[in-house]
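So you know, we letter chains A, B, ... as the sequences are listed, proteins then strands, and number each from 1. In what follows, every heavy atom counts, from backbone to side chain, and hydrogens, waters and symmetry copies are set aside.
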There are 2 protein chains.
Amino acid sequence: MTTAPRTRLSPAERREQLLDLGVRLLAHRSLDELSIDLLAEEAGISRGLLYHYFGSKQAFHEAVVRHAADDLIAQTTPPTDGEPLERLRTSVTAYVDYVVANHEGYVSLVKAAAGGNESLRAIYEDARSALNGRLFHGDDAGEIVPDTPAARLLVQGWSAMTEELVLSWIDDSRGVTREELLGLVVASLPAVVGVLGTGR
Amino acid sequence: MTTAPRTRLSPAERREQLLDLGVRLLAHRSLDELSIDLLAEEAGISRGLLYHYFGSKQAFHEAVVRHAADDLIAQTTPPTDGEPLERLRTSVTAYVDYVVANHEGYVSLVKAAAGGNESLRAIYEDARSALNGRLFHGDDAGEIVPDTPAARLLVQGWSAMTEELVLSWIDDSRGVTREELLGLVVASLPAVVGVLGTGR
DNA sequence: CACTCTATTGACGCTCGTTCAATAGCGCCA
DNA sequence: TGGCGCTATTGAACGAGCGTCAATAGAGTG
């Protein structure tokens with residue numbers, strides 16, 4: 001097979017191509033398990049071009065994670081009307097369906113945030129607070145969750161639980177249906193927040 | 001300053017020294033941010049010796065994580081008697097106090113598990129299931145949590161929430177006291193499990 | 001059909017993980 | 001007490017892979 005001819009794309013197109021490829025490749029390998037050589041070959045470009053667009057391997061990783069996070073936020077826009085509990089259910093459903101549909105990309109995002117440096121973590125935290133924040137910032141904010149330090153802590157914990165439940169369920173649903181999962185996640189927020197009264 | 005004289009330790013001592021140092025160094029840096037050069041210099045040994053003991057950088061990382069996990073398990077032995085809820089509270093207290101006292105080591109463990117490869121994740125999963133499993137394997141197992149697929153899923157989620165709560169609280173307690181935190185964590189398990197009846 | 005702009009290349013330097021034959025501390029036995 | 005052997009330890013050498021930079025070649029424009 002002869003060497004492929006050099007193809008010239010617009011910066012936006014090339015950037016998009018490289019980010020999409022990065023999300024796919026980083027879902028199963030960690031960053032240092034992914035060599036620039038492999039990435040370049042897979043994309044049909046030279047090593048140098050990656051540095052022209054992203055400057056460093058780390059910066060490329062950050063761009064990939066931000067790309068995945070933006071996608072998550074965009075594809076799970078919350079409803080603006082309806083009762084609070086119903087809005088919660090709709091949002092959770094969108095989140096679960098997104099994670100199911102984009103499993104690889106989402107795992108890539110979570111792994112990067114948990115294992116990576118401060119800036120990667122920051123990108124993830126921003127996405128997460130965007131997901132949570134818009135749930136509790138309507139006109140009827142406070143109907144489900146009061147705004148106290150302990151309550152904020154609990155909401156953060158509930159988010160972590162939700163993520164664990166969904167990823168674990170995808171990994172092995174063990175006879176639990178999607179509807180049951182949604183019911184568990186939605187019901188557990190009020191249940192957890194209800195703890196606020198009992199703690200001493 | 002002259003080069004330090006070569007010190008000869010027993011394999012057990014040297015191994016212990018390197019593992020302890022590894023836990024400390026990997027708490028703030030990720031694995032690829034930690035060079036063998038730095039590690040060797042910090043330990044006062046040559047690069048080659050590390051390979052003599054662990055074979056590779058990856059294998060060293062695994063040994064460090066296993067070391068931290070074993071320490072966690074050993075230092076949080078659960079009570080064998082008392083009422084279920086009281087045992088739960090005692091176990092959670094031991095866990096929280098351990099994480100507070102060994103913050104760096106614990107963060108090192110969690111980051112490795114979340115961001116690392118399959119074997120690192122397996123080590124962490126084993127430790128976690130050991131922590132949970134011994135809570136619900138007494139003679140009175142089932143008094144708090146029934147043994148169904150959905151319940152197992154929820155317990156796993158509760159574990160993730162607990163970890164998030166404790167780490168987040170250590171990072172910024174925001175006026176929440178240790179006692180309040182313990183109350184929240186302990187009370188949230190029955191609260192979450194109570195959801196099982198309501199879900200449809 | 002030149003000509004310019006810039007997307008793209010490929011070879012080079014350098015850091016860092018890994019290997020391996022050589023070295024030296026420490027207990028043992030005469 | 002003094003040599004001897006075992007093995008903990010070393011450090012130079014190798015290779016893989018990240019990052020740089022001047023040179024090259026598509027694609028639109030006059």
Side-chain angles (χ1 to χ4, degrees), chain A residues 1-22 25-26 28-65 67 112 115-117 119-120, chain B residues 1-23 25-26 28-65 67 108 112 115-117 119-120:
Chain A
M1 113 174 87
T2 63
T3 61
R6 140 191 324 200
T7 56
R8 184 189 175 110
L9 300 184
S10 75
E13 286 174 319
R14 179 102 309 158
R15 219 185 133 82
E16 189 78 8
Q17 176 212 356
L18 293 176
L19 288 178
D20 285 341
L21 180 62
L25 291 180
L26 284 170
H28 294 306
R29 313 157 184 275
S30 72
L31 184 66
D32 57 337
E33 286 168 346
L34 172 63
S35 71
I36 303 282
D37 279 311
L38 176 63
L39 179 60
E41 187 180 0
E42 205 78 15
I45 62 171
S46 68
R47 283 197 299 285
L49 193 58
L50 197 84
Y51 288 90
H52 175 72
Y53 277 102
F54 299 99
S56 77
K57 201 184 184 187
Q58 272 297 328
F60 172 68
H61 195 195
E62 291 178 21
V64 166
V65 169
H67 187 66
N117 58 30
S119 53
L120 287 176
Chain B
M1 123 172 81
T2 63
T3 61
R6 149 193 311 202
T7 57
R8 185 188 174 109
L9 300 183
S10 76
E13 285 175 318
R14 178 101 309 158
R15 219 185 132 81
E16 189 79 10
Q17 175 213 357
L18 293 176
L19 289 178
D20 285 341
L21 180 61
V23 169
L25 290 180
L26 284 169
H28 293 305
R29 314 157 184 276
S30 74
L31 184 66
D32 58 337
E33 287 168 345
L34 172 63
S35 70
I36 303 283
D37 278 311
L38 176 63
L39 179 60
E41 186 181 1
E42 206 78 16
I45 62 171
S46 68
R47 284 198 297 283
L49 193 58
L50 197 85
Y51 287 90
H52 175 71
Y53 278 101
F54 298 99
S56 76
K57 200 184 184 186
Q58 272 297 328
F60 172 69
H61 195 195
E62 290 179 22
V64 166
V65 169
H67 187 67
S108 171
N117 58 30
S119 54
L120 286 176

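- Scanning all heavy atoms of the two residues, the minimum distance from A59(B) to F54(B) falls at CB-O, 3.1 Å.
- To the nearest angstrom, P of dT6(C) lies 17 Å from CG of L9(A).
- Here L34(B) lies in heavy-atom contact (under 4.0 Å) with sugar-phosphate atoms only.
- When heavy atoms are screened at a 4.0 angstrom cut-off, S10(A) is found touching no nucleic acid atom at all.
- Among the heavy atoms of the strands lying under 4.0 Å from Y53(B) are primed sugar atoms or P, OP1, OP2 only; no base atom is included.
- For the residue pair L49(A) and R14(A), the shortest heavy atom distance occurs at CD2-CD, 3.5 Å.
- In this structure, R14(A) atom CZ and dT9(C) atom C1' are separated by 12 Å, rounded to whole Å.
- The separation between D37(A) atom CG and dG15(D) atom P is 17 Å, rounded to whole Å.
- In this entry the distance linking CG of L49(A) with P of dT24(D) reads 18 Å, nearest Å.
- Which of dG25(C), dA7(C), dC18(D) sits closest to the side chain of I36(A) comes down to dC18(D).
- Regarding Q17(A), its CD atom lies at a distance of 13 Å from the C1' atom of dA7(C), rounded to whole Å.
- Here dA7(C) presents its P atom at 15 Å from CG of L50(A), a figure rounded to the nearest Å.
- No contact: L31(A) has no heavy atom under 4.0 Å from any strand.
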Side chain to side chain contact (heavy atoms under 4.5 Å, CB included) evaluation trace for H61(B) with V65(B): CA-CA 6 Å; H61(B) 195 195; V65(B) 169; 3.9 Å; yes
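- Here the nucleotide nearest the side chain of R6(A), chosen from dT8(C), dT18(C), dT10(D), is dT8(C).
- Rounded to an integer number of Å, the gap from CZ of R15(B) to P of dT7(D) is 18 Å.
- Summarising the geometry, the separation between CD on E13(B) and P on dA8(D) is reported as 12 Å, rounded to the nearest angstrom.
- When each of G44(B) and S35(A) is assigned the nucleotide of DNA chain D bearing its nearest heavy atom, the one mapping closer to the 5' terminus is G44(B).
- Which of dT18(C), dG19(D), dT8(C) sits closest to the side chain of R8(A) comes down to dT8(C).
- Checked against dT19(C), dC18(D), dA7(C), the side chain of P11(A) finds its nearest nucleotide in dA7(C).
- Between Y51(A) and dG19(D) there is a side-chain N or O to OP1 or OP2 distance below 4.0 Å.
- With dG19(D), dA12(D), dT9(D) as the candidates, the nucleotide lying closest to the side chain of R47(B) is dA12(D).
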